[in-house]
*Asks:* 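Below is the structure I would like to discuss, written out as structure tokens.
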Amino acid sequence: MALLTVDGPLDLAATLESGQAFRWRRVEPSPDGSPWFEGVAFGNLIHARQTRDGVEFTTSPDPESDVAPLLRDYLRLDEDLTAIYQALEFDEHVRQGIALYPGLRILRQDPWECLASFICSANNNVRRIARNVDDMSAAFGSPVTGGADERRSFPTPTQLADAGEASLRALGLGFRAKYIAATAERIAGANTDLFALRLAPYQEALDALTELPGVGDKIANCAMLFSLDKPEAFPVDVWIDRALRDWHFTEQQKPIQRNRMRPWAQARFGRYAGYANQYLFHSRRLGRR
DNA sequence: AGCCAGGCCCTCC
DNA sequence: GGAGGGCCTGGC
């Protein structure tokens, strides 16, 4: 057992269950009520829960001391959330979202797993996306601990390119199978270096991602926000569409079009537009208001 | 039964 | 350049 200390607010459950990542599961309630989560990342099976002191976790097969800095980075525990809140609370609805879910953080995921997961999100629902991602991992990923029925890591681009469209379709990915296979080939062939996009400017990363099959503006912005260090990214999906329409454009006689929302929001919220997006999305999707 | 899911792509105008 | 329709699949 190891511990990550946290400065500032953290809501681990909201962070892991807000539709950014799809491989975390609640496993068992702990005596004090804060749930354990099980996930696969960095080639490890990870169990984690939030306590008064921070994030408790165990790892397998690597020692916790090796994984600790990776998990800290993944959870962005060093992000100054308070400063971000101050920059965004001018907006009434973002402020309400922050008040409802203080400590909801934006993850820093593996770019390939994140991109591929969101390719699965097209015209899909969260539960089936999670199942698609798990099914791909079980079928084509590598074992992490050596046990018989353990979970596997998310497949590499090469593993999915080798799998091919037909076997992905057989898993139940539907029309997304073609996009996953084709994009995996492109990445495996090193035509696009996803990690390099962490250092690229926003527009350059957006242009590179939307060249990939099955990756449009929305999915590219998800990958940029959740894995490529682009906090100004602003994915516009049906939930954000409804939120902005109801909360920010109620008095317009002509409703704003979906494809004009991202530039509008980025101009309004600035370099942390993605955090505004996440709080609007989460509070809207949970249906509390 | 029909609609909707964290869209993208293609066609046609 | 933009509106409209099709698309795998599963749950309600």
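Note on naming: letters A, B, ... go to the chains in the order of the sequence lines (proteins, then strands), and numbering restarts at 1 for each one. Source: prediction; values computed, not measured.
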*Asks:* So what does A:V126 hit on the nucleic acid, given a heavy-atom distance under 4.0 Å: a base, only sugar-phosphate, or nothing?
*Replies:* base
*Asks:* Between the protein and nucleotides 7-11 of chain C, are there any N/O to N/O pairs under 3.5 Å, and if so, what are the atom names and distances?
*Replies:*
from: C:dC8; atom 1: O5'; to: A:R169; atom 2: NH1; distance (Å): 3.1
from: C:dC8; atom 1: O4'; to: A:F175; atom 2: N; distance (Å): 3.2
from: C:dC8; atom 1: O2; to: A:R128; atom 2: NH2; distance (Å): 2.9
from: C:dC8; atom 1: O2; to: A:R176; atom 2: NH1; distance (Å): 2.7
from: C:dC8; atom 1: N3; to: A:R128; atom 2: NH2; distance (Å): 3.2
from: C:dC8; atom 1: N3; to: A:R176; atom 2: NH2; distance (Å): 2.9
from: C:dC8; atom 1: N4; to: A:N123; atom 2: O; distance (Å): 3.4
from: C:dC8; atom 1: N4; to: A:N123; atom 2: ND2; distance (Å): 3.2
from: C:dT9; atom 1: O4'; to: A:R128; atom 2: NH1; distance (Å): 3.2
from: C:dT9; atom 1: O2; to: A:R128; atom 2: NE; distance (Å): 3.4
from: C:dT9; atom 1: O2; to: A:R128; atom 2: NH2; distance (Å): 3.0

*Asks:* Give a yes or no on whether A:L12 and A:L3 share a hydrophobic cluster (residues Ile, Leu, Val, Met, Phe, Trp, Tyr; joining criterion: side-chain heavy atoms under 4.5 Å apart).
*Replies:* no
*Asks:* What I want to find out is whether A:R49 reaches A:E56 closely enough, with some N-O distance under 4.0 Å, to be called a salt bridge.
*Replies:* yes
*Asks:* Any chance you could encode DNA chain C as dot-bracket? Rule is Watson-Crick or G-U wobble with both distances under 3.5 Å; [ ] for pairs crossing earlier ones, | for another strand.
*Replies:* |||||||.||||
*Asks:* Between A:Y275 and A:E79, does any side-chain donor sit less than 3.5 Å from a side-chain acceptor?
*Replies:* yes
*Asks:* Show, in sequence, the C-alpha distance, side-chain angles and deciding distance for A:R151 and A:D134, and conclude whether the side-chain contact (heavy atoms from CB on, under 4.5 Å) test is met.
*Replies:* CA-CA 9 Å; A:R151 298 178 68 182; A:D134 261 350; 3.5 Å; yes
*Asks:* On a whole-Å scale, what distance lies between the P atoms belonging to B:dG6 and C:dG2?
*Replies:* 27 Å
*Asks:* Rounding to a whole Å, what distance do you find between A:Q257:CD and C:dG4:P?
*Replies:* 10 Å
*Asks:* Verify salt bridge (charged side-chain N to carboxylate O under 4.0 Å, His left out) between A:D11 and A:R105, making sure each step is shown before the conclusion.
*Replies:* CA-CA 7 Å; A:D11 185 337; A:R105 290 177 183 249; over 6 Å; no
*Asks:* Any base atoms under 4.0 Å from A:V215, or only sugar-phosphate, or nothing? Heavy atoms, all strands.
*Replies:* sugar-phosphate
*Asks:* side-chain contact (heavy atoms from CB on, under 4.5 Å) between A:N221 and A:Q266: does it pass, once the steps are laid out?
*Replies:* CA-CA 12 Å; A:N221 273 272; A:Q266 288 175 318; 4.3 Å; yes
*Asks:* Looking for any heavy atom pair under 4.0 Å, which part of the strands does A:S18 touch: base, sugar-phosphate only, or nothing?
*Replies:* base
*Asks:* Can you spot which of A:F118, A:F22, A:Y74 makes a ring-ring contact (aromatic ring centres under 6.0 Å, His included) with A:F226?
*Replies:* A:F118
*Asks:* Tell me if the centroids of the rings in A:F234 and A:W264 come within less than 6.0 Å of each other.
*Replies:* no
*Asks:* Go through the steps for A:L4 and A:R72 under the test side-chain contact (heavy atoms from CB on, under 4.5 Å), then give the verdict.
*Replies:* CA-CA 7 Å; A:L4 297 173; A:R72 182 169 198 84; 4.1 Å; yes
*Asks:* Is the distance between the ring centroids of A:Y279 and A:Y85 under 6.0 Å?
*Replies:* yes
*Asks:* Just to be sure I understand the rule, does A:Q278 reach a base, reach only the sugar-phosphate, or reach nothing, if contact means heavy atoms closer than 4.0 Å?
*Replies:* nothing
*Asks:* Quick check with a 6.0 Å cut-off and a 45 degree axis cone: is A:R242 positioned over the face of A:W239's six-membered ring?
*Replies:* yes
*Asks:* Please find the earliest and latest nucleotides of DNA chain B, in the 5' to 3' direction, that have an atom within less than 4.0 Å of any heavy atom of chain A.
*Replies:* B:dA5 to B:dC9
*Asks:* Base, sugar-phosphate, or nothing: which does A:L168 touch, judged by heavy atoms less than 4.0 Å apart?
*Replies:* nothing
